[in-house]
Novice: 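Pasting in a structure now, in structure tokens, and then I'll have a few things to ask.
Per chain, numbering begins at 1; letters A, B, ... match sequence-line order.
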Protein chains: 2
Amino acid sequence: MRDVAAVAGVSVKTVSRVLNAEPNVSEELKERVRRAAATLNYELNVYAGGLRRMGARTNAIGLMLESVDDAFSAAIHRGVETVTRRHSIIVLAQSFEEDADRERTVVKEFLRRRVDGLILTTVSRDQAYLSAEAARGTSIVFVDRPAVSVAFDSVVSCNFDGAVAATRHLLEHGHRRLAYVGGDHEIWTLRERLRGYFDELDRWGVPRSDVVALTGVHGEEGARTEVHRMLDGPQPPTAIFAAHNRMTVGVLRALHERGRQHDVAMVGFDDVQLLDLLEPGVTVVAQDPHRLGELAAERLLARMAGNPLELETLTVPTTLIERGSGEIPGPFAA
Amino acid sequence: MRDVAAVAGVSVKTVSRVLNAEPNVSEELKERVRRAAATLNYELNVYAGGLRRMGARTNAIGLMLESVDDAFSAAIHRGVETVTRRHSIIVLAQSFEEDADRERTVVKEFLRRRVDGLILTTVSRDQAYLSAEAARGTSIVFVDRPAVSVAFDSVVSCNFDGAVAATRHLLEHGHRRLAYVGGDHEIWTLRERLRGYFDELDRWGVPRSDVVALTGVHGEEGARTEVHRMLDGPQPPTAIFAAHNRMTVGVLRALHERGRQHDVAMVGFDDVQLLDLLEPGVTVVAQDPHRLGELAAERLLARMAGNPLELETLTVPTTLIERGSGEIPGPFAA
DNA sequence: GTGAAAGCGCTAACAG
DNA sequence: CTGTTAGCGCTTTCAC
């Protein structure tokens, strides 16, 4: 900046004024400064400015996702970006991979960079470690899973309702021997989906002994293995509810390997590309991750702007999309 | 930091030493400082430090991708992250959406944040606007597409070879009326693939009049429409080469809608989840975007470390994966 | 309308 | 081993 001032023959303050579009600079000096900056290829250093500036905004937010590489997470990321872009806010995205230690590390890394706000998906048992930071003025919004034992806004899908809808759909199509294939029970969304599954089974009076609920299944490969095992068992299920996108793919892989995709019904949670082109098409409870990201970002920006808002959990509805696999009739079909 | 010093009863410099793990501090003071920092929930401000520190590293890099939401881009992102994470370097990821104006805006935004390096996928006609920045010491590596009229390292897929392999595969299976369905001709990767397509056709002596090469196709929906149009035409192709992931999906959608997936051969460029479960499975030329990201990040870090390196374009090979759709025999099959 | 001086939070350089 | 002073690049404050 000093160099620019020297080239333009003005003081650094005048350069600062011009580059920050502050008033009270003559057209002539504006022009000279701009030309000098262009010549020297100079860009303002936002951090140096932020240091002195009141409020010390960095115009950056931290976004922690399961993995930047996961389709669901990536859609949230994109949703956040569509909002932040309009405000020239930059997104620091980091994967935490369902690892509570890494979660802490990533958050700490964000705080050392003095982000103005955080949008977090978390897996730790509770997030009390964040309350001191919130007290210091950092805005925080949780996405996909609500905060535990701390008071922050959350934006989540209707996991319970979605699971109820999926389960009811299979029951209505005449299935009673259902199987739920889910992942880590530590994860809130999966607990909610399992709760919805059991809740609807209870409403229909289906005894727990008739159904299966697998909760510790590990990824796509785990789901595949479990389905093979179940199909080999004494009382194989006639319908499967896959509790998230990777489970869905694993279940499908097993069914196709067995050639059973046309006679074992299945509903997946979360939509995945190409599911409609499979034979049969795969019925899913679709989420709207892009919307989750947008809402979380909007909420965060409102908080950052200091708007007085009630603490809230925003819920995004899910949609059951019938494509064939969920409509395969069971033994009790009308 | 001053507060921490006050609480610990030491000077700020001692706090700085402890928190930066510098030597020459007694165990007792270390302990007192750490306790004070924990009490006050204090984290170092990396930017304030970087301002004074020689070299002024921000330990951040800018990553510009087509879209954080695109599976191919997201895999690059993940590859970059696996490398940067080991060095406590944070990634600012931004989508540019094949928009040259936005490309400039995003880069400028990165530079205002004084990133230590840039990993860029670009679409502008040339990137001369970056050379001044490079002269100032910012390391730059191009990923997926090479730099145009500026001398930077690049990490790219073997697009030409992959396209040759795909084309040859279809020719070998007895097809002569081929169709190439590609996107924007401004994009280097797509030009390379088209070049590979024509090159192999020429080698086989297939006249251009026998084949189709669509280059301005717009996204998945555009590809779908074009395939319908071709199938309605007087001389429909017996085999289709879809030049990237979204084209692949669009082509498949059209073929399935027509019920022609079993008699029109097809090879896609870039692998997509679930392609193996379709009927028939979809043959593709797979790229390794994760590897692209890793290599780009490694190269960038080596540059940032000041290693003297020759300017280079690293090339990642592609792999033809046979799954059925590409092996559908054509009229000239042996 | 413009600029000089002070200071944001931190570390380099040096003194003790 | 520990502290003091100066200054990184910028903006605030205030004088002209």
Side-chain angles (χ1 to χ4, degrees), chain A residues 1-34 36-37 40-60 108-116 133 136-138, chain B residues 1-34 36-37 40-60 108-116 133 136-138:
Chain A
M1 184 151 167
R2 230 172 22 194
D3 300 340
V4 177
V7 170
V10 298
S11 73
V12 289
K13 179 62 225 182
T14 300
V15 176
S16 169
R17 273 195 266 260
V18 173
L19 267 27
N20 286 291
E22 283 173 32
N24 298 333
V25 183
S26 69
E27 277 308 322
E28 193 214 330
L29 286 197
K30 272 188 199 163
E31 191 47 38
R32 256 160 59 194
V33 167
R34 271 197 269 267
L40 296 175
N41 209 259
Y42 172 79
E43 293 285 346
L44 274 174
N45 180 334
V46 293
Y47 298 124
L51 212 53
R52 188 68 178 86
R53 214 189 290 272
M54 300 304 292
R57 282 291 178 87
T58 53
N59 286 311
K108 197 174 276 186
E109 196 58 46
F110 285 153
L111 298 180
R112 293 159 71 101
R113 293 203 149 71
R114 297 294 186 273
V115 293
D116 300 330
E133 189 56 32
R136 230 168 65 179
T138 310
Chain B
M1 183 149 166
R2 232 180 11 204
D3 300 340
V4 176
V7 169
V10 298
S11 74
V12 289
K13 180 63 224 185
T14 300
V15 176
S16 170
R17 274 195 263 261
V18 174
L19 268 26
N20 286 291
E22 284 173 31
N24 299 332
V25 183
S26 69
E27 277 308 322
E28 191 213 330
L29 286 198
K30 272 188 198 163
E31 190 47 38
R32 256 160 59 193
V33 167
R34 271 198 267 267
L40 296 175
N41 209 257
Y42 172 79
E43 294 284 348
L44 275 173
N45 181 335
V46 293
Y47 298 125
L51 211 52
R52 187 66 180 87
R53 218 188 288 271
M54 297 307 292
R57 282 292 177 86
T58 53
N59 287 312
K108 197 174 278 187
E109 195 60 45
F110 286 153
L111 297 180
R112 293 161 69 100
R113 294 203 149 71
R114 297 294 186 272
V115 292
D116 300 328
E133 189 57 32
R136 231 169 63 179
T138 310

Novice: Choose from D:dT11, D:dT12, C:dG9 the nucleotide whose nearest atom is closest to any side-chain atom of B:N45.
Specialist: C:dG9

Novice: If you find the nucleotide of DNA chain D closest to B:G49 and the one closest to B:T14, which residue's nucleotide is nearer the 5' end?
Specialist: B:T14

Novice: Grab the CZ-P distance between B:R112 and D:dC10 for me, whole Å please.
Specialist: 11 Å

Novice: To the nearest angstrom, how far is B:M1 atom CE from C:dC10 atom P?
Specialist: 6 Å

Novice: Closest approach to the side chain of B:R2, judged atom by atom: which nucleotide of C:dC8, C:dT11, C:dA4 is it?
Specialist: C:dC8

Novice: Which sits closer to the 5' end of DNA chain D, B:E27 or A:Y47, going by the nucleotide each is nearest to?
Specialist: B:E27

Novice: Identify the two heavy atoms, one from A:R113 and one from A:T58, that lie closest to each other, and give their separation to 0.1 Å.
Specialist: O-CG2, 3.9 Å

Novice: Rounded to the nearest angstrom, tell me the gap between atom NZ in A:K13 and atom P in C:dA6.
Specialist: 16 Å

Novice: Of the options C:dT11, D:dG9, C:dT2, whose atoms approach the side-chain atoms of A:S26 most closely?
Specialist: C:dT2

Novice: Can any side-chain N or O of A:R32 pair as donor or acceptor with the backbone N or O of A:A8 at less than 3.5 Å?
Specialist: yes

Novice: Between C:dT2 atom P and A:N20 atom CG, what is the distance in whole Å?
Specialist: 16 Å

Novice: Whole angstroms only, please: what is the CZ-P distance between A:R113 and C:dG9?
Specialist: 19 Å

Novice: Write down the distance between CZ (B:R17) and C1' (D:dG3), rounded to a whole number of angstrom.
Specialist: 7 Å

Novice: Taking atom CG of B:L29 and atom OG1 of B:T14, what is their separation to the nearest 0.5 Å?
Specialist: 6.5 Å

Novice: Side chain of A:L51, heavy atoms from C-beta onward: which of C:dG9, D:dC10, D:dG3 has the nearest atom to it?
Specialist: C:dG9

Novice: If you check the A:E22 side chain, which of D:dT12, D:dG9, C:dT2 turns out closest?
Specialist: D:dT12

Novice: Considering the options A:V15, A:V18, A:V10, A:V33, which one meets the side-chain contact (heavy atoms from CB on, under 4.5 Å) requirement together with A:V25?
Specialist: A:V18

Novice: When the distance from CZ of A:R52 to P of D:dG7 is rounded to whole Å, what number comes out?
Specialist: 18 Å

Novice: Please test B:Y42 against B:L19 for side chain to side chain contact (heavy atoms under 4.5 Å, CB included), starting from the C-alpha separation and ending with a verdict.
Specialist: CA-CA 10 Å; B:Y42 172 79; B:L19 268 26; 3.5 Å; yes

Novice: C:dT11 phosphate, OP1 or OP2: any side-chain N/O from B:S16 under 4.0 angstrom?
Specialist: yes

Novice: Please tell me which of the listed nucleotides, D:dT11, C:dG1, D:dT2, lies nearest to the side chain of A:N24?
Specialist: C:dG1

Novice: Using whole Å, report how far CZ of B:R57 lies from C1' of C:dC10.
Specialist: 18 Å

